[in-house]
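Step one of this worksheet: look at the structure below.
Just so it is clear, the model here is predicted, and its values are computed rather than measured.
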2 protein chains.
Amino acid sequence: MNKARAVDTPDIPEASPAPLPRLGEMGLANFAPYLMNRITGRYNASLREEMAALGLTTAKMRALATLSVIERPLIRELAVYAVVEQSTLSRALDGLGADGLIRREPDPDDSRATRVQLTEAGRMAFESLWPHMAHAHEDMFRGISEEERAAFVATLQKVLRNIRKHDI
Amino acid sequence: MNKARAVDTPDIPEASPAPLPRLGEMGLANFAPYLMNRITGRYNASLREEMAALGLTTAKMRALATLSVIERPLIRELAVYAVVEQSTLSRALDGLGADGLIRREPDPDDSRATRVQLTEAGRMAFESLWPHMAHAHEDMFRGISEEERAAFVATLQKVLRNIRKHDI
DNA sequence: AAAGATTGATTGCAATTGCATTTTTTACTG
DNA sequence: CAGTAAAAAATGCAATTGCAATCAATCTTT
């Protein structure tokens with residue numbers, strides 16, 4: 001009856017905070033975080049086969065991809081860019097190092113810190129992965145105009161700026 | 001040398017497949033899958049605290065959220081909507097069932113299949129989670145116009161249609 | 001310049017996850 | 001309609017993951 005009352009008699013409508021929309025009203029298909037989770041889920045799944053062939057986990061793959069673009073980052077920076085927990089990344093780097101795909105180097109200026117670098121073998125491993133990533137990317141935007149893509153990416157960048165915790 | 005040849009002498013340029021852009025050229029910040037991973041990573045992380053308070057894992061949370069919108073799906077359908085592996089979902093449902101948040105019911109028409117339903121307690125659990133999800137959602141689009149949001153979601157929907165495997 | 005606070009990275013441990021397999025039931029095919 | 005294939009869900013098991021604690025080095029503050 002509490003419930004019925006709450007629904008039937010909005011006693012203080014003007015004092016109530018912003019009326020929270022309900023998920024059911026807007027629908028899953030209009031909820032951006034849901035859509036992004038679905039999309040990235042499938043994107044990542046589509047790469048899993050190639051990753052498995054190279055003996056890579058998601059964390060290792062992301063580290064490789066990031067290292068192919070960012071030069072000699074600190075491990076903590078790499079963790080942010082690659083969207084991987086630091087402890088997870090630490091172990092991923094162990095594996096990549098054992099396979100000779102990356103190299104850890106002490107930072108010259110801060111002896112707590114470690115920088116990471118792709119080896120030649122690591123670069124080659126990523127090169128063999130990249131076509132599949134590019135292909136999955138192509139698939140995503142099939143039939144979507146260049147303008148729409150650009151606008152979409154621009155919004156993604158704004159959103160990331162809105163919610164990121166680190167300013168990298 | 002095979003490699004060198006391929007690079008140096010594009011014998012059949014008109015037959016060569018689309019020249020693959022390099023990740024380094026376009027930059028991480030313009031690669032949509034990367035941006036989406038960063039964003040969903042932070043979105044999910046921002047909910048982890050509330051989830052932990054309710055004793056939920058990501059899989060359980062997604063199942064709850066989906067069940068709040070989709071009525072009595074089959075487990076296999078729920079797995080697609082919630083973007084969770086079936087085996088993972090099966091165990092997540094075990095946990096949710098033990099906590100009395102969901103109920104499994106045999107499908108009347110197919111005795112292999114099981115349908116899942118939110119209990120009243122399950123609905124309340126989701127209700128207590130939803131404000132945080134809505135808030136994280138608000139944060140994402142802070143300062144972004146209604147038109148831009150709408151266009152963004154429309155593109156997300158197109159992308160999902162492009163890459164989804166199931167037609168759910 | 002010493003003590004405490006902070007930062008970078010690793011590690012112990014438990015828990016979540018994913019793959020492959022199994023079990024049960026339904027669908028298909030000759 | 002018998003027999004095989006396929007689908008739905010659950011389970012065994014190994015591996016990835018995340019949290020918390022740890023170790024080491026630097027920064028801060030008085």
Assign [X] to base, sugar-phosphate, or nothing according to its heavy-atom contacts below 4.0 angstrom with the strands shown.
X	value
A/D107	nothing
B/S87	base
B/R48	sugar-phosphate
A/R104	sugar-phosphate
B/A59	sugar-phosphate
B/E85	sugar-phosphate

So does A/R142 have more than 12 non-hydrogen atoms from other groups sitting under 6.0 Å from CZ? yes
base_contact_polar (D/dA7 base, B/R112 side chain, donor-acceptor, <3.5 Å): yes
Could you tell me whether the side chain of B/R91 has a donor or acceptor atom within less than 3.5 Å of a complementary atom in the base of C/dG18? yes
Scanning both residues in full, the closest heavy-atom pair of A/L54 with A/A125 reads CD1-O, 4.0 Å
Do you know which two heavy atoms are closest between A/A82 and A/R62, and how far apart they sit? O-CD, 3.1 Å
Under-4.0 Å salt bridge between B/R91 and B/D94: no
In whole angstrom, what separates B/R62's CZ from C/dT17's C1'? 12 Å
Considering only heavy side-chain atoms of A/S111, the closest of D/dA25, C/dG8, C/dT26 is D/dA25
If you assign A/V84 and A/D110 each to the DNA chain D nucleotide with the nearest heavy atom, which residue ends up on the more 5' nucleotide? A/V84
